[in-house]
Amino acid sequence: MTPRLTRPSKPPLIKFPPQPVGTAHGSMLRGMAAPHPNPHSHPHSHPHAPDPHHDPSHRQTPGSSPAAGSHNLTGLTTDLHGKLDYAGYLSLEQLLSAQRPLSRPEHHDELLFIIQHQTTELWFKLVIHELRAAIGLIRQDKLEPSFKILARVKHIQAQLLDQWSVLATLTPTEYIQFRHVLGPASGVQSHQNRLIEFLMGNKDRRMLAVFQHKPVIHAELTAALEGPSIYDEFLRFLSRRGLPVPKDVLERDVTQPHEAHPGVLAVFKQVYENVHQWWDAYEMAEKLIDIDESYSLWRFRHMRVVQRVIGFKRGTGGTAGVPYLKQLIENVFFPELWDVRTSIGA
Ligand code: HEM
């Protein structure tokens, strides 16, 4: 006989009255019945211990799935008046009111477009936070803790890469119906993307021009342009460790992108061919190439999603669009870490 899904015969522990659509600080849980069973009515039980008489999951037929709503809510905190709650801690009111589609009447798919960009920007924020921490650690010769940080960056990048498939559900027919609301707004004006590029070493002063109207951001990007990248710091570290990093590389103009240098390639050849002697340098090199590779995959996926959505139309930011994005795919941040693959054993 097929086991029947049983519903709890007693009323559930907590009643959920119909709730008005609340504000973020609103009344999701307000008005709930007190969750704590009266300890005096069960003198032998601990007030927070699960009470088999009140726990509907105990009445589940063996082998069946628990019925919806049958989970044990004993101990749930419901009186949050004047206390820090989830929404307050996370500033959800601000976060969830920051999606403001501009199409009129509002186009169904504009929300997807906005959220995809916003979630990417949130992850960018964390990437910047982590990269800055890693740069600081390398500067202090603390490679070990920076490995964990860079592993985290790699996992964030995996999220960002995976996320493109959500936006890829936006068809050209849908996008064309609200694209006009963007005006000249474009991802090329993402200051966080530019900051990541600069921290990773892809320096280009010309890109500051699109931030002239934002003096604080312009200043932050200028500082990053004029500061050493994570690769500059790593090469300085290798030099401090006694590896023969060329002087002109160590003293280079850091506002320019790093260019592949035979002396740096020779250093990495030494590291990769003697990994036991240079284990930490070797591990760092592999962490950096992880990030470099993930970055180019992200750029590739962006280009392809753009192509399937707008074809070869020009970008809203004014560039040629897909041809502009295509040329970026070839960029690598750490050229010698790629070149060393060819030289090993040669
Ligand atoms: C249908 C969706 C998208 C389209 C059609 C699109 C299109 C474009 C185009 C054409 C460019 C070149 C600049 C221009 O002329 O506008 C660009 C740049 C860029 N986009 Fe997107 N994009 C889309 C989604 C996204 C998303 C979700 C992000 C995530 C934040 C993003 C981030 C960027 C960044 C960072 C750049 C600058 C690349 C660089 O210069 O390094 N894009 N996009």
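Just so you know, these numbers use all the heavy atoms, side chains as well, and skip hydrogens, waters and symmetry mates. Nothing here was measured: the structure is a model prediction, and the numbers come from that model. Whatever order the structure lists them in is the order used to number ligands and atoms, beginning at 1.
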Who gets closest to [atom] by heavy atom: [options]?
| atom | options | result |
| --- | --- | --- |
| atom 7 (C) of ligand 1 | Thr316, Leu167, Val306, Ile310 | Val306 |
| atom 26 (C) of ligand 1 | His117, Gln192, Lys313 | His117 |
| atom 37 (C) of ligand 1 | Val210, Thr319, Val188, Val309 | Val188 |
| atom 21 (Fe) of ligand 1 | Arg308, Met207, His302, Arg179 | His302 |

*Output yes when the distance from some N or O of ligand 1 to some N or O of Gly317 is under 3.5 Å, and no in every other case.*
yes
*Is the closest N or O pair between Tyr324 and ligand 1 shorter than 3.5 Å?*
yes
Got a second to check how far [X]'s [atom1] is from [Y]'s [atom2], nearest 0.5 Å?
| X | Y | atom1 | atom2 | answer |
| --- | --- | --- | --- | --- |
| Asn331 | Asp292 | CG | CG | 9.5 Å |
| Met303 | Ile329 | CE | CD1 | 3.5 Å |
| Ser190 | Glu121 | OG | CD | 3.5 Å |

Side chain, backbone, both or neither: the part of [X] lying under 4.0 Å from ligand 1 by heavy atom:
| X | answer |
| --- | --- |
| Val322 | neither |
| Asn193 | side chain |
| Thr120 | side chain |
| Trp164 | side chain |
| Val305 | neither |
| Arg314 | neither |
| Arg194 | side chain |

Among all protein heavy atoms in this structure, tell me which lies nearest to [atom], with the distance rounded to 0.1 Å.
| atom | value |
| --- | --- |
| atom 34 (C) of ligand 1 | Gly187 O, 3.4 Å |
| atom 38 (C) of ligand 1 | Leu328 CD1, 4.0 Å |
| atom 10 (C) of ligand 1 | Gly315 CA, 3.5 Å |
| atom 9 (C) of ligand 1 | Leu325 CD1, 4.0 Å |

Hydrophobic clustering (ILVMFWY, side-chain heavy atoms < 4.5 Å, transitive) - are [Y] and [X] grouped together?
| X | Y | result |
| --- | --- | --- |
| Phe234 | Trp279 | yes |
| Ile344 | Val267 | yes |
| Ile196 | Leu137 | no |

*Does a salt bridge link Glu220 with Arg132, judged by any charged N lying under 4.0 Å from a carboxylate O?*
yes
*Sidechain N-carboxylate O distance under 4.0 Å for Arg341, Glu286*: yes
Identify, by atom number and element, the atoms of ligand 1 in contact range of [X], meaning under 4.0 Å from any of its heavy atoms.
| X | value |
| --- | --- |
| Phe113 | 1 (C), 2 (C) |
| Gln116 | 27 (C) |
| Gly321 | 10 (C) |
| Ser186 | 13 (C), 14 (C), 16 (O) |

*asked:* Taking CZ in Arg299 as the centre, count heavy atoms belonging to other residues, nucleotides or ligands within less than 6.0 Å. Is the count above 12?
replied: yes
When you check the side-chain N and O atoms of [X] and [Y], is any donor under 3.5 Å from an acceptor?
| X | Y | result |
| --- | --- | --- |
| Ser103 | Gln177 | no |
| Asp339 | Thr342 | no |
| Glu174 | His108 | no |

*What closest approach, in Å, do Arg179 and Thr316 show between heavy atoms, and which atom pair accounts for it?*
NH2-N, 3.5 Å
